[in-house]
**Student:** 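Below you'll find the structure I mean.
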Amino acid sequence: MYSYPISDRIHSSTGRIIMLDRALLRNETDRVRLAAENKGEPCPIDEWLELDERRRRLLGETEELRRRRNELSNEVSSLKKDMDGDQAKLIYNLSRESKETGRRLAAIEKDLKAAETRMSDIELYFPNIPDPDVPVGNDESFNRIVKSAGEKPSFDFNPLPHWELLGELLDSEASGSITGSNFILLRGWAAWLQRILISWMMDFNSNAGMEEVWVPFIANRKSMTSTGQIPKLEYDMYHIEKDDLFLIPTGEVPLTNIYSDSILQDKDLPIRLFGYSPCFRREAGSYGKDTRGLNRVHQFEKVEMVRMVKPENSEVALEEMTAHVGEMLELLNLPYRVSLLATGDLSFAASKCYDFEVWSAGQEKWLEVSSVSNFRGFQSRRGGIRYRPAAGGKLQYVHTLNGSGLALPRLMAALIENGQTESGRIVLPEILAERTGIEILG
RNA sequence: GGAGAGGUGGCCGAGUUUGGCUUAAGGCGUACGCCUGCUAAGCGUAUGAGAUUCACGUCUCCGAGGGUUCAAAUCCCUCCCUCUCCGCCA
């Protein structure tokens, strides 16, 4: 038996936060169980089923008592209207029964509430269900490479890793004394290159018709729960205890939560957003692995894209976003490959995800620079993001997607390593050279 | 940080003084229909969400939580958020 902490500080103005459809939990228990198993997540379905039954029983009882109490109150009300003296006793008796009903009600409601709270807490721990075409496997070795593009550069000298090429422009002594290890401080042309890249990516996304958004870089507990960082990744985030706020680990959090607890109109969809943000990750437990240079750091810069679409359109949207990211990498002239993540590598909230890795010639390594995911109704359920279908009928949860376009430090690493000359200077890709009028750095 | 004003359905907005036909008025929007030889306008009808139930139905929801009461959008307490002004400050 696992223990699932009580999340008493989470509220939703549209009701309790729920995750998978309750009907799904009830009726397709095996599917839910299998999904969790394939993702390597615990699955508290048995306890949930018990609570569900208990809740429904208690709910029936409270409703009957409430109905009776309403009835009694209405009788009192109508008697009082033309009171003639004889009725005082009658009113007294009705009041007594009503009061007694209230007492019984309170007792049952207490149990009901306990069951509901526990249920909602547990529901936060069910991972999203992978799409049927996601490879089943418990780690990244089961990922399937679905695309490779571009040529790895060849050199007639021994190419260096980016940290050697950057030299003192990557001033870890300074960032270390300002903050601590694995934070970046860039100087000179390295800082310049980062700024140019952000600005180019922003323009590229803007020209693709997305709406540009500038977001807060700190988010509250409820937002973090909606997008799925809490509860699983709570301790991978930087937390501001005094205000119970978190530094965002990805721009996905603010961008997706823009529409929390909203009802969108059919004509508003699809919503296509992008925005810049720094991303903060504690990376607890990852020391010693890939930590040199820009490969793994606690704060990195990213331009993030978020889409909200009708459920029937999310699969196409995922492919479109994937193509868009590929286009960016091609324009930057970076060799890349795309992997369809296996169940065990798929994040808690995602139902399907493509990872983009670029080739970094100095380290001779593939570096992940983007991750494009479909969350289907997982985040919109948690966050309460619905829309009214034009055809009428019940409100529907939108499907949410997001993708990096793109994440910076590793992109920088690859550009620097792939563009290096024997003398240690850096040739910029054409698209950036045209934009800035600068062809070579260093 | 201080003072004030607020938070009601997809949106706007009445209701809070005086608790009870509030089953939340009215408007906008939306859908359908009528009328108009196009459009606009006009007229009519419908239209909150959620839970539960085979169904009829029942119950819940007026920022969140608690309290008073036979009965709470309405009274009391705590908290959250938004706006305006002041203070501080990049």
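By convention in this document, chain letters (A, B, ...) are assigned in the order of the sequence lines, proteins followed by strands, and residues within each chain are numbered from 1. In this text the structure is predicted, and so the values were computed from the model without any measurement.
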**Student:** If you count the non-hydrogen atoms of other residues, nucleotides and ligands that lie under 6.0 Å from CD in E168(A), is the total more than 12?
**Tutor:** no
**Student:** In whole angstrom, what separates R221(A)'s CZ from rC80(B)'s P?
**Tutor:** 15 Å
**Student:** Of the options rG50(B), rA51(B), rC70(B), whose atoms approach the side-chain atoms of R55(A) most closely?
**Tutor:** rA51(B)
**Student:** Taking only N/O atoms, report every protein-nucleotides 53-58 of chain B pair under 3.5 Å with atom names and distance.
**Tutor:**
from	atom 1	to	atom 2	distance (Å)
rU53(B)	OP1	R56(A)	NH1	2.8
rU58(B)	O2	E63(A)	OE1	3.2

**Student:** Salt bridge check: are D244(A) and R221(A) linked by an N-O gap of less than 4.0 Å?
**Tutor:** yes
**Student:** Determine the interatomic distance between C1' on rC56(B) and the same-named atom on rG20(B); round to the nearest Å.
**Tutor:** 28 Å
**Student:** Is the shortest side-chain N/O distance from K113(A) to OP1 or OP2 of rG66(B) below 4.0 Å?
**Tutor:** yes
**Student:** For a quick check of understanding: with a heavy-atom distance under 4.0 Å over all strands, which category does L59(A) fall into, base, sugar-phosphate or nothing?
**Tutor:** sugar-phosphate
**Student:** Any carboxylate oxygen within less than 4.0 angstrom of a Lys/Arg side-chain nitrogen, looking at D266(A) and R388(A)?
**Tutor:** no
**Student:** Taking the C1' atom of each, how far is rU53(B) from rU60(B), in whole Å?
**Tutor:** 15 Å
**Student:** Can you list the residues that meet the salt bridge (charged side-chain N to carboxylate O under 4.0 Å, His left out) rule with E64(A), with sequence neighbours excluded?
**Tutor:** R67(A)
**Student:** Would you mind listing every salt bridge (Lys or Arg N to Asp or Glu O under 4.0 Å) that reaches into residues 267-280 of chain A, with sequence neighbours excluded?
**Tutor:** none
**Student:** For the side chain of Q265(A), starting at C-beta, report the closest nucleotide among rG20(B), rU60(B), rG10(B).
**Tutor:** rG10(B)
**Student:** Assign each of A390(A) and K99(A) to its nearest nucleotide of RNA chain B by heavy atoms, then name whichever residue's nucleotide is nearer the 5' end.
**Tutor:** A390(A)
**Student:** Can you see if the side chain of R388(A) gets near the phosphate of rA31(B) - specifically, an N or O under 4.0 Å from OP1 or OP2?
**Tutor:** no
**Student:** If you check the S73(A) side chain, which of rA51(B), rC70(B), rU60(B) turns out closest?
**Tutor:** rC70(B)
**Student:** If each of R66(A) and G102(A) is mapped to the nucleotide of RNA chain B with the nearest heavy atom, which maps nearer the 5' terminus, i.e. the 5' end?
**Tutor:** R66(A)
**Student:** Taking the C1' atom of each, how far is rG19(B) from rC75(B), in whole Å?
**Tutor:** 8 Å
**Student:** In dot-bracket form, 5' to 3', how is RNA chain B paired? Count Watson-Crick and G-U wobble pairs only if both distances fall under 3.5 Å, and write | where the partner sits on another strand.
**Tutor:** ((((((((.[[[..)....(.....]]]((((((.......))))))(((((....))))).[[[[[..)....]]]]])))))))....
**Student:** Taking side-chain contact (heavy atoms from CB on, under 4.5 Å) as the definition, give me every residue that meets it alongside E100(A), ordered by chain and number, with sequence neighbours left out.
**Tutor:** R103(A), R104(A)
**Student:** What's R69(A) touching, base or sugar-phosphate or nothing? Going by heavy atoms closer than 4.0 Å.
**Tutor:** sugar-phosphate
**Student:** How is L395(A) classified with respect to the nucleic acid when contacts are heavy atoms under 4.0 Å: base, sugar-phosphate, or nothing?
**Tutor:** sugar-phosphate
**Student:** rG20(B), rG10(B), rG50(B): which one has an atom nearest the side-chain heavy atoms of K394(A)?
**Tutor:** rG50(B)
**Student:** Answer with base, sugar-phosphate or nothing: what part of the nucleic acid does R68(A) contact at a heavy-atom distance below 4.0 Å?
**Tutor:** nothing
**Student:** Could you tell me how far apart D268(A) (CG) and rG29(B) (P) are, to the nearest whole angstrom?
**Tutor:** 16 Å
**Student:** Does the side chain of L185(A) reach to within under 4.5 Å of the side chain of L170(A), using non-hydrogen atoms?
**Tutor:** no
**Student:** May I have all residue pairs that pass salt bridge (Lys or Arg N to Asp or Glu O under 4.0 Å) and include part of residues 172-185 of chain A, sequence neighbours excluded?
**Tutor:** none
**Student:** Taking the C1' atom in each of rU18(B) and rG44(B), what is the distance between them to the nearest angstrom?
**Tutor:** 39 Å
**Student:** Can you figure out which of rG10(B), rC70(B), rA49(B) approaches the side chain of S98(A) most closely?
**Tutor:** rC70(B)
**Student:** Does the pair R376(A)/E315(A) count as a salt bridge with the N-to-O cut at 4.0 Å?
**Tutor:** yes
**Student:** Can you tell me, in whole Å, how much space there is between the P of rA41(B) and that of rC28(B)?
**Tutor:** 11 Å
**Student:** Distance check needed: rC79(B) C1' versus N220(A) CG, whole Å only.
**Tutor:** 15 Å
**Student:** Any carboxylate oxygen within less than 4.0 angstrom of a Lys/Arg side-chain nitrogen, looking at R296(A) and E283(A)?
**Tutor:** yes
